[in-house]
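Here is the structure we will look at.
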2 protein chains.
Amino acid sequence: MQKETLSKNQKIILDYIEKVNEPIKAYSILHNVQKKGIKAPLQVYRALDKLVEIGKIHKIESKNAFVACKNSNCQISKATAFSICESCEEVSEISDHKLSKYLKTFQEKTGMKFNKYNLEFFGLCKKCSIK
Amino acid sequence: MQKETLSKNQKIILDYIEKVNEPIKAYSILHNVQKKGIKAPLQVYRALDKLVEIGKIHKIESKNAFVACKNSNCQISKATAFSICESCEEVSEISDHKLSKYLKTFQEKTGMKFNKYNLEFFGLCKKCSIK
DNA sequence: TTATTTAATGTTATATTATAACAATTAACA
DNA sequence: TGTTAATTGTTATAATATAACATTAAATAA
Ligand SMILES: [Zn+2]
Ligand SMILES: [Zn+2]
Ligand SMILES: [Zn+2]
Ligand SMILES: [Zn+2]
């Protein structure tokens, strides 16, 4: 799905999330797009649902926050994998071959068929661990 | 930390979560332990916080639910890894050597020092995928 | 033991996150 | 064009979680 095919509200909200460039909460989004005519939580949540569904954004479950997908070619729209620095709050999307491979072997071993996963790694980023 | 050293409320709530044996939500816990004298959400949340901290239970972030740790020797009290069946809701705690190894190499590669992670795999369990 | 500190509790109010329900409008398309 | 599906607008409310403050119990050190 291309950005051009998004609806009005979806576009407004994706634009804002991309601009912010870090995980942001639904009500914070709401406050910041009110000047664009979005008045109610539901308008935000509906757009968020759709944007998550098509892989344009991801939800950081442990933070109830949303972040734009950095992976222009994020195939697995239902998968998220992030590393999160507990000091500076920097969030990076993980796209790692070994992880994909591990997931595959795990799938084979457990007999479980995965269609979605949510991975969140917390720690200190390089910068912050030097300090 | 042993179960014996837990406080009254912590014990009540851990006992209940262990009995239920599947992810359960805070307010559902509250309703079910009211006969034991626990009246307010905070009493539940405080016990949950502590139990998570000492590794007796884990939080399934994407479900806002809590589940007892099945890993009697769960060293990494701050780590959770679960597979969750989207059909029967069965949840299994993952304790996998390859995953630990992957996390280590990932740590080395990114320069990030992890002290906590939250992994949630969603799909269909063996049983449900046959149906 | 007794003073001192730390952890846990009880309670009320409130903040934060998310959805239900229903009416109206717009876009997709046979 | 008529029909269906998707999106929007709006109000109310559900569900999840924490703030603030007073009190009590437990741990521990003088
Ligand atoms: Zn992505
Ligand atoms: Zn950092
Ligand atoms: Zn565990
Ligand atoms: Zn199943």
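In the text below, chain A, chain B and the rest are named by the order of the sequence lines, each starting its count at 1. Just so it is clear, the model here is predicted, and its values are computed rather than measured. Every heavy atom of this structure was used, including side-chain atoms; hydrogens, water molecules and symmetry mates were not.
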Below 4.0 Å: OP1/OP2 of [N] and any side-chain N or O of [X]:
{"X": "B:K59", "N": "D:dA17", "result": "yes"}
{"X": "A:K8", "N": "D:dA6", "result": "no"}
{"X": "A:S7", "N": "D:dA6", "result": "no"}
{"X": "A:N64", "N": "C:dA18", "result": "yes"}

Do any N or O atoms from the side chain of [X] and from the backbone of [Y] form a donor-acceptor pair under 3.5 angstrom?
{"X": "B:E120", "Y": "B:I84", "value": "no"}
{"X": "B:K59", "Y": "B:D49", "value": "no"}
{"X": "B:K25", "Y": "B:K63", "value": "yes"}

Protein-nucleotide distance ([X], atom [atom1]; [N], atom [atom2]), rounded to Å:
{"X": "A:I24", "N": "C:dT16", "atom1": "CD1", "atom2": "P", "answer": "15 Å"}
{"X": "A:K25", "N": "C:dA15", "atom1": "NZ", "atom2": "P", "answer": "16 Å"}
{"X": "B:K50", "N": "C:dA7", "atom1": "NZ", "atom2": "C1'", "answer": "8 Å"}
{"X": "A:I13", "N": "C:dA18", "atom1": "CD1", "atom2": "P", "answer": "14 Å"}
{"X": "B:I54", "N": "C:dA7", "atom1": "CD1", "atom2": "P", "answer": "14 Å"}
{"X": "A:Q10", "N": "D:dG9", "atom1": "CD", "atom2": "P", "answer": "12 Å"}
{"X": "B:N9", "N": "D:dT24", "atom1": "CG", "atom2": "P", "answer": "16 Å"}
{"X": "A:E61", "N": "C:dT16", "atom1": "CD", "atom2": "P", "answer": "20 Å"}

Nucleic acid contacts - residues 31-47 of chain B versus DNA chain C, non-hydrogen atoms under 4.0 Å: B:K39, B:A40, B:L42, B:Q43, B:R46

For B:K63, which contact category applies under a 4.0 Å heavy-atom criterion: base, sugar-phosphate, or nothing? nothing

Looking at C:dA15, does its base get a donor-acceptor pair with the side chain of A:Y27 below 3.5 Å? no

So A:Y117 and B:L119, side chain to side chain contact (heavy atoms under 4.5 Å, CB included) or not? Walk me through it. CA-CA 8 Å; A:Y117 60 83; B:L119 312 188; over 6 Å; no

For the pair A:F106 and A:F114, name the ring-plane relationship: parallel under 30°, tilted 30 to 60°, perpendicular over 60°. parallel

Is there a side-chain contact between B:L48 and B:I29 in this structure, where contact means two heavy atoms from C-beta onward sitting under 4.5 Å apart? yes

Under 4.5 Å between side-chain heavy atoms, counting indirect links through other Ile/Leu/Val/Met/Phe/Trp/Tyr residues: same cluster for A:F122 and A:L124 or not? no

